[in-house]
Amino acid sequence: MNIVVCIKQVPDTTEVRLDPKTNTLIREGVPSIINPDDLSGLEVALRIKDKDPENVKVYALSMGPNQAEYALREALAMGADEAILVSDRAFGGADTWATSCTITAAIEHIDYDLVIAGRQAIDGDTAQVGPQIARHLNIPAISYAEDVDVEGDKVIVKRQFEDRYHILEAEMPILITTLAECAQPRYMTIRGIYEAQEKDITVWGLKDIEDKLDLSNIGLKGSPTRVKKSFPKEGKAAGVLLNDLSADEAAQAILAKLKEKYII
Ligand SMILES: Cc1cc2nc3c(=O)[nH]c(=O)nc-3n(C[C@H](O)[C@H](O)[C@H](O)COP(=O)(O)OP(=O)(O)OC[C@H]3O[C@@H](n4cnc5c(N)ncnc54)[C@H](O)[C@@H]3O)c2cc1C
């Protein structure tokens, strides 16, 4: 059984700050990490492999610039068997449509049973790429997985909704998108890190996957959407401090403010 895990390298958004003068993101010194939902997806795949190491192969696949190789080496150090970097200038500036078309073309070169993507990337935040890949591959998708189990050629998924869960069962091939809380990712081992440095990462450029691609669907030119402008949200107004009020007066003052702002 072959599992392909889609991994996106993202800036650690908990560390991104705004320059108050230019209102732009300060990217310098911001570390790149594997997107948290994808790390959990990789852990799901590795647990399936742990149960049947002889027969399960885990591929980590990322589309991005050369530096995405670091994310793939981390995946190898955790236990992935193979790493594939899909990288070519022609793929740059892709929106979710062009990204999913390109990743799909790469997956079509692998004999897959199960495809796992994260629910959402913390930088782009769209949660579109996984379901789009499933559509292009013409396989079913189960998103928002909070628990995944495999029995024979079936997957059993606990899918999260706002107010409930569904337990879904489906036959492979299928695509699942995982939530970060689906599986606590394991640490890399020292031996894993050492071996990951020695392993080759397969790099596929346009030439390697163009047989499965419609060239009008790649990169900036093949993207139906364009980010025209990006800017930070305006800061909220400073709060007001009311001193020396009795408890009743304080409650009345809060009530009046909430009514004034149409909150209640
Ligand atoms: C120069 C540039 C220009 C861009 N222009 C646009 C634009 O015009 N319009 C627009 O909408 N977006 C644009 N983007 C953003 C880009 O489209 C998104 O980052 C990308 O499409 C993925 O969407 P997302 O981050 O929302 O992923 P999500 O859909 O939130 O990701 C879900 C899951 O899909 C998988 N996945 C997503 N991306 C990758 C990847 N690269 N490799 C492997 N797995 C992946 C991961 O498993 C991830 O958890 C631009 C990006 C760049 C760098």
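Every number for a ligand or one of its atoms is a count from 1 in the order of the listing.
Inter-residue side-chain proximity for Asp52 and Met1 is flagged as unmet; no heavy-atom pair is nearer than 4.5 Å. Side-chain atoms of Gln252 and Leu245, non-hydrogen and from C-beta on, never get closer than 4.5 Å to each other. Two residues are said to be in side-chain contact when any heavy atoms from C-beta on lie closer than 4.5 Å; Asp214 and Cys101 fail this criterion. With contacts defined as side-chain heavy-atom distances shorter than 4.5 Å, the pair Arg226/Leu220 qualifies. Counting heavy atoms from C-beta outward, Asp38 and Val5 have side chains that stay 4.5 Å or more apart. Considering only heavy atoms from C-beta on, Leu39 stays 4.5 Å or farther from Ile33 through its side chain. Counting heavy atoms from C-beta on, the side chains of Phe91 and Leu213 come closer than 4.5 Å. Looking at Tyr112 and Ile139, their side chains come closer than 4.5 Å, going by heavy atoms from C-beta outward.
Close approach of ligand 1 to Leu61 (heavy-atom distance below 4.0 Å) involves ligand atoms 43 (C). Taking a cut-off of under 4.0 Å to the non-hydrogen atoms of Val227, the atoms of ligand 1 that pass are 6 (C), 7 (C), 8 (O), 9 (N). Listed by number with element, the atoms of ligand 1 under 4.0 angstrom from any heavy atom of Thr225 are 7 (C), 8 (O), 9 (N), 10 (C), 11 (O). The atoms of ligand 1 that sit less than 4.0 Å from any heavy atom of Arg226 are 8 (O). Taking every non-hydrogen atom of Gln128 and a distance limit under 4.0 Å, the qualifying atoms of ligand 1 come out as 29 (O). When each atom of ligand 1 is checked for a heavy atom of Asp123 under 4.0 Å away, the hits are 25 (O). Within ligand 1, the atoms closer than 4.0 Å to a non-hydrogen atom of Gln120 are 30 (O), 32 (C), 49 (O), numbered from 1 in the order shown. If you number the atoms of ligand 1 from 1 as listed, the ones under 4.0 Å from a heavy atom of Ile103 come out as 39 (C), 40 (C), 42 (N), 43 (C), 44 (N), 45 (C).
The two residues Leu46 and Ala80 come nearest to each other via the heavy atoms CD2-N, 3.8 Å. Across Gln184 and Arg47, no two heavy atoms sit closer than the pair O-NH2, 3.4 Å.
Considering backbone and side-chain N/O atoms, Lys8 comes within less than 3.5 Å of an N/O atom of ligand 1. For a threshold of 3.5 Å applied to N or O pairs, the pair formed by Gly64 and ligand 1 contains no separation below that value. For a threshold of 3.5 Å applied to N or O pairs, the pair formed by Ala117 and ligand 1 contains no separation below that value. Considering backbone and side-chain N/O of Thr126, one or more are found under 3.5 Å from N/O of ligand 1. For ligand 1, the polar-atom distance check against Leu220 finds no nitrogen or oxygen pair separated by under 3.5 Å.
Across Thr178, Val129, Ile84, Leu42, heavy-atom proximity to atom 37 (C) of ligand 1 is greatest for Val129. Proximity annotation for atom 16 (C) of ligand 1: of Ala127, Gly124, Ala94, Ala94 comes nearest, heavy atoms only. In the candidate list Ile133, Ile116, Thr96, Thr96 is nearest to atom 23 (O) of ligand 1, counting heavy atoms.
Proximity of Gly93 to ligand 1 is established by a heavy-atom distance of less than 4.0 Å. By the 4.0 Å heavy-atom criterion, Gly92 is excluded from the residues contacting ligand 1. For Ile7, the heavy-atom gap to ligand 1 drops under 4.0 angstrom.
Under 4.0 angstrom from ligand 1, there are no non-hydrogen atoms of Ala68. Residue-level proximity to ligand 1 for Asn35 is carried by the side chain, the only part with a heavy atom below 4.0 angstrom. Residue Cys6 touches ligand 1 through backbone and side chain together, judged by heavy-atom distances below 4.0 Å. The backbone and the side chain of Asp95 each have at least one atom closer than 4.0 Å to an atom of ligand 1 (non-hydrogen atoms only).
Taking the six-membered ring for Trp and thresholds of 30 and 60 degrees, His136 and Trp97 have ring planes more than 60 degrees apart, a perpendicular arrangement.
Distance from atom 42 (N) of ligand 1 to its nearest protein heavy atom, with residue and atom name: Met63 N, 3.0 Å. Looking only at heavy atoms of the protein, atom 46 (C) of ligand 1 is closest to Asp38 OD2, 3.3 Å. Among all non-hydrogen protein atoms, the one lying nearest atom 33 (C) of ligand 1 is Gly118 O, 3.2 Å. Nearest non-hydrogen protein atom to atom 27 (O) of ligand 1 is Ala121 CB, 3.6 Å. Counting only heavy atoms of the protein, atom 20 (C) of ligand 1 lies nearest to Thr99 OG1, 3.6 Å.
Salt bridge present: Arg191 and Glu195 bring a charged side-chain N and a carboxylate O closer than 4.0 Å. Between Lys57 and Asp111, no side-chain nitrogen of the basic residue sits less than 4.0 Å from a carboxylate oxygen of the acidic one, so the salt-bridge criterion is not met.
Ile116 is not connected to Ile133 by any chain of hydrophobic side-chain contacts under 4.5 Å among Ile, Leu, Val, Met, Phe, Trp and Tyr, and they are in different clusters.
Counting only N and O atoms by type, the side chains of Ser143 and Arg159 include a donor and acceptor under 3.5 Å apart.
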Between His109 and Asp211, is the side-chain contact (heavy atoms from CB on, under 4.5 Å) condition met? List the steps. CA-CA 10 Å; His109 282 82; Asp211 56 324; 3.1 Å; yes
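For the pairing with Val58, the side chain to side chain contact (heavy atoms under 4.5 Å, CB included) check across Val4, Val44, Leu42 returns one residue only, Leu42.
Within a 4.0 Å radius of atom 40 (C) of ligand 1, the protein contributes at least one heavy atom.
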